[in-house]
Amino acid sequence: LDSGVVVFDAVAGVQPQSETVWRQADRYHIPRICFVNKMDRVGADFQRTIDSITHRLGASPVAIQIPHGGEDMFRGVIDLIEGKALIYADNDEASGYTEAPVPDEMAEEFQVYRNRMIEKIAETDDELIVKYLEEAEITREEIKTALRKATLDYRLVPVVCGSALRNKGVEPLLDAIGDYLPSPVDVPPVIGEEYGSGNQVTREAREDGPFAALAFKTVSDSFIGRLVYFRVYSGTMKTGGMVFNSTNGKRERLGRIVRMHAQRREDIELIRAGQIAAAVGLKETSTGDTICDEAAPIMLETITFPDPVVSVAIEP
């Protein structure tokens, strides 16, 4: 919720849903990474997708990877910062990758993209631009540090690629999220209204602060019943703890807290600031509600749902 990955189709380029996600990220000032997906499809074009991001979204993308092969010959990615190839197995469910030197046949393309990457990153940092103009060596650590700062300042958007369906390029994407996107302590404190008075108050991402969380999704699970996903902005809460729903003024007990791994659930005893989990037992809490410490109640900004474009009704 503090940072995002925007997925683009390597064949179709910027699609309407990508534009919608991008506008939302602009609205809420969210740093982001672009993932160019479907590099194994016929017609996939990495550079064309980057160009469309520049022209249609007005962004400043910088490729930190290039594809190793394309279409049915897509084998993995070339890391422009580390200077190595990540090669995946030739199957439909690639598991892990092996590292290898940059292939000789791609050495020229690798150097062109790497020089372009270093130039764009150096332009955002006064010290790096001096070293670049003096043709001094720029280390990997300096590149990563400058790219992270430029990403957090919305000046650059790192671009990676892969094939999500075949699990190719997913691990490097997760590494890039950790390297370049903000952690909960890197973003400004969340702003809300004090319950009852309406005065503006903030909550920092600190474990020793009062508990405050936003319910952002509600689903029905066939095994454990109603699940309420929530993101903790401040404080901690244990399983079985009492929380106050400042949206409807009701008190509830967190009967069970689970960390979701796709369809797998992991029971946890404690949830901390910056984490996301799901709760079982919150019968009076719905999407957009704030749950908090009753001793320091706060109302966070609720979720605004857009009007539907098409409505369909079924009558008996």
Side-chain angles (χ1 to χ4, degrees), residues 2-10 13-14 18-19 21-23 25-26 29-37 39 44-68 70 76-86 102-103 106-162 169 171-183 186-187:
D2 299 320
S3 54
V5 177
V6 184
V7 180
F8 295 90
D9 192 315
V14 178
S18 301
E19 289 190 70
V21 172
W22 197 273
R23 287 197 300 269
D26 283 339
H29 306 291
I30 295 176
R32 68 216 74 163
I33 283 178
C34 296
F35 180 70
V36 181
N37 193 24
M39 287 303 307
D45 191 319
F46 182 65
Q47 185 57 49
R48 183 183 62 201
T49 305
I50 293 179
D51 292 339
S52 68
I53 293 172
T54 302
H55 298 139
R56 293 187 58 179
L57 302 177
S60 183
V62 54
I64 60 175
Q65 293 176 0
I66 57 174
H68 186 324
V77 299
I78 307 293
D79 191 316
L80 298 177
I81 298 177
E82 300 292 340
K84 59 187 178 184
L86 309 180
V102 178
M106 295 191 65
E108 183 177 349
E109 182 183 4
F110 165 79
Q111 202 57 52
V112 169
Y113 271 93
R114 178 176 166 82
N115 291 341
R116 191 182 302 167
M117 174 194 71
I118 293 176
E119 181 180 0
K120 293 197 72 169
I121 295 174
E123 288 174 350
T124 67
D125 187 280
D126 293 338
E127 293 182 7
L128 281 193
I129 193 63
V130 172
K131 295 184 71 173
Y132 177 78
L133 294 175
E134 294 177 349
E135 298 185 354
E137 181 183 358
I138 299 177
T139 66
R140 289 176 295 183
E141 290 71 22
E142 289 175 322
I143 293 174
K144 286 189 172 184
T145 300
L147 179 56
R148 176 179 174 82
K149 185 177 185 302
T151 303
L152 299 184
D153 292 339
Y154 317 109
R155 300 179 67 182
L156 291 177
V157 182
V159 181
V160 297
C161 61
E171 297 96 332
L173 169 62
L174 295 176
D175 290 338
I177 291 172
D179 289 339
Y180 308 117
L181 293 182
S183 76
D186 291 323
V187 297

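The structure displayed is predicted, hence computed values, not measured ones. Along the sequence shown, residues carry numbers from 1.
More than 12 heavy-atom neighbours from other residues, nucleotides or ligands sit within 6.0 angstrom of CD on Gln111. Heavy-atom neighbours of Glu141 CD from other residues, nucleotides or ligands within 6.0 Å: above the threshold of 12.
Legend: residues meeting side-chain contact (heavy atoms from CB on, under 4.5 Å) with Arg56, ordered by chain and number and at least two apart, are Val14, Glu19. For the side chain to side chain donor-acceptor pair (under 3.5 Å) test, residues two or more places apart in sequence or in another chain that qualify with Glu142 are Lys131, Thr139. Contacts of Arg114 classified as side chain to side chain donor-acceptor pair (under 3.5 Å), with partners at least two apart in sequence or in another chain: none. Under the side-chain contact (heavy atoms from CB on, under 4.5 Å) criterion, Asp126 pairs with no residue, sequence neighbours left out. Listed by chain and residue number, Arg148 satisfy the salt bridge (charged side-chain N to carboxylate O under 4.0 Å, His left out) test with Asp186 (two or more places apart in sequence, or in another chain). Under the side chain to side chain donor-acceptor pair (under 3.5 Å) criterion, Asp26 pairs with Arg32, not counting sequence neighbours. Partners of Glu82 according to the side chain to side chain donor-acceptor pair (under 3.5 Å) rule, which considers only residues two or more places apart in sequence or in another chain, are Arg140, Lys144. Residues forming a side-chain contact (heavy atoms from CB on, under 4.5 Å) with Ser60 (at least two apart in sequence, or on another chain): Lys120, Leu156. Not counting sequence neighbours, the partners of Asp9 by the side-chain contact (heavy atoms from CB on, under 4.5 Å) test are Val11, Ala12, Gln15, Lys38.
Contact check for Gln47 versus Tyr113: side-chain heavy atoms found under the 4.5 Å cut-off. For the pair Tyr180/Val160, no side-chain contact is recorded, criterion being any heavy-atom separation below 4.5 Å from C-beta on. Counting only heavy atoms from C-beta outward, the side chains of Met106 and Ile66 approach each other to under 4.5 Å.
Atom CD1 of Ile118 and atom CD of Glu123 lie 12.5 Å apart (nearest 0.5 Å). A distance of 4.0 Å separates CD1 of Ile33 from CG of Leu181, quoted to the nearest 0.5 Å. Summarising the geometry, atom CZ belonging to Phe8 is positioned 14.0 Å from atom CZ belonging to Arg48; distances are rounded to the nearest 0.5 Å. In this structure, Ile53 CD1 and His55 NE2 are separated by 11.5 Å, a value rounded to the nearest 0.5 Å.
Screening Ile64, Leu80, Ile81 for a side-chain contact (heavy atoms from CB on, under 4.5 Å) with Ile143, the sole residue that qualifies is Ile81.
In terms of heavy atoms, His68 sits closest to Pro103 at NE2-CG, 3.3 Å.
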